[in-house]
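Everything numeric in this text was worked out from a predicted model, so none of it was measured. Worth knowing before you read on, the calculation uses all heavy atoms, side chains too, and leaves out hydrogens, waters and symmetry mates. Every chain is numbered from 1 and lettered A, B, ... according to where its sequence line falls, protein lines coming before strand lines.
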2 protein chains.
Amino acid sequence: MAARPQSSTVRPVRGDARVALLEAALALVRKQGWAATSIDQLCRTVGVTKGAFFHHFASKEALGVAAAHYWDTFTAPLFASAKYHQHADPLDRIYGYLDFRGSIAGGPLEDFTCFVGTTVQETFATSDAIRAACGETIRAHAERLEGDFRAAIALYPPRTRVTAANLARYTQTVIQGGFVLSKAQGTNAPLLEALAHLKQYLSFLFEKPLKKETSHGKRRR
Amino acid sequence: MAARPQSSTVRPVRGDARVALLEAALALVRKQGWAATSIDQLCRTVGVTKGAFFHHFASKEALGVAAAHYWDTFTAPLFASAKYHQHADPLDRIYGYLDFRGSIAGGPLEDFTCFVGTTVQETFATSDAIRAACGETIRAHAERLEGDFRAAIALYPPRTRVTAANLARYTQTVIQGGFVLSKAQGTNAPLLEALAHLKQYLSFLFEKPLKKETSHGKRRR
DNA sequence: TGCAACATACCAACCGGTCGGTACGCGTCA
DNA sequence: TGACGCGTACCGACCGGTTGGTATGTTGCA
């Protein structure tokens, strides 16, 4: 008992509490939802006390806003560094994005579903601050697809009048819906199916056929 | 102040508590989410006490399961009696279904979004009973579209291999995603946009052009 | 008379949030 | 060189209220 407390291992080093709380919030909220995740539970999982929590966040709502922003900075590099950006053809980059979303949809549902999608469903009517932060995060993610969609529209004149922003938003709609259905069915199959349908839609719209191998959710389970 | 308590108006008549609680659950959960809706709040809004609640439901989880089933019996007649079933062409019936979903998407978001979609996002990992009930409700709703999709596939051979069940599920995916995006943006526009894209997809797939008037979310806001 | 449909009172655990205090790194000046 | 002041990071007890749930009545209709 005389051993000195090895504070650097048993507990996050001083200064990490804020990030640790944000990361715990992402994990727990994705699994349990926003309201079911209590401040006490967050503090317990990262090994700090409530004093630390309220030193960094004015309220639970403030944590929600910060977590939505953090989710953006957390996921943006994941997609930015993915290799589908290498394709020369903008439409191939979009197909690649959809394939990439399918490829990371493995393991437990709470590990690949969306923090902001889950959170905004609970808070859209009770906290405008959280709602706005989640909306902004989704908008920002969709916006990063707009360049490729704009180039695709220029390169392959679409059969109907569409805009890049419109298509980018629809892409996110399909993905978010895939999350909901997947959670309800307890398998990632609905998400993979939805990605395949979306790709088919784009191939019809831009009149550029799909390669054979890109058929998520058709045969494989 | 001497007026006798008019129990028949201020409080539901004896025997109605169960249905009243279910209906209150639908309304409150759609607005606030599952975990944020407490048993006390439910009892307060319908004017009964906890004794009544636990007389009808063994637990909050049991209420969730019952509410998911109730949601199905509550919404099924709404769609069954809609007039889009009158169309002779099965694809027109499906277009009509999508237009109908757009036409009821007015007013506050919590009035036209989906109870089971909201609930399952919160409970998929913490209550398998609720998750299964929500999944079954979505599946049952999708299944009611399968007949029309099967007829459409027979009538208009699709450009790629699809199944009626597959398309019906994808339809629900798009709608659920539209709800999420709409909540995040605070307007029904994303849902209307998504319905328009889905119709466009079906028109490509079945090679049956859309009529002009059916263009939700394009010009109108 | 019996039983379904409630009401009432109560419980321990937990909720978000407050508050006084403490440990510690860092710049400053004698 | 060191000690002083100060700001940041964090602790942990505590608050009033709420949570889901229970045990025990009371009411009213068949």
Worked check of side-chain contact (heavy atoms from CB on, under 4.5 Å) between B:K183 and A:R131: CA-CA 8 Å; B:K183 286 175 180 173; A:R131 196 229 86 233; 6.0 Å; no
Most 5' of A:H55 and B:A58 on DNA chain D, judged by nearest nucleotide: A:H55
Geometric class of the A:H141/A:Y97 ring pair [parallel <30°, tilted 30-60°, perpendicular >60°]: tilted
B:H56 side-chain N/O to C:dA5 phosphate OP1/OP2 under 4.0 Å: no
Residues which pass ring pair (Phe, Tyr, Trp, His ring centres under 6.0 Å) with A:F149, listed by chain and number, not counting sequence neighbours: none
Polar atom pairs (N or O), protein with nucleotides 12-16 of chain C, under 3.5 Å:
residue, atom, partner, partner atom, Å
C:dC15, OP1, A:S38, OG, 3.0
C:dG16, OP1, A:K60, NZ, 3.2
C:dG16, OP2, A:I39, N, 3.0
C:dG16, N7, A:K50, NZ, 2.6
C:dG16, O6, A:K50, NZ, 3.3

Carboxylate-amine/guanidinium proximity below 4.0 Å for B:D72 and B:R139: no
Side chain to side chain, B:L145 and B:L167, heavy atoms closer than 4.5 Å: no
Rounded distance (Å) that lies between atom C1' of C:dC6 and atom CG of B:L42: 17 Å
Under-4.0 Å salt bridge between A:K31 and A:D111: no
Per-nucleotide pairing state of DNA chain D [Watson-Crick or G-U, under 3.5 Å; [ ] pseudoknot-crossing; | other strand]: ||||||||||||||||||||||||||||||
Parallel, tilted or perpendicular, as decided by the 30° and 60° cut-offs, for the rings of A:F100 and A:F79: perpendicular
Ring geometry between B:F53 and B:F57 (parallel below 30°, tilted from 30 to 60°, perpendicular above 60°): tilted
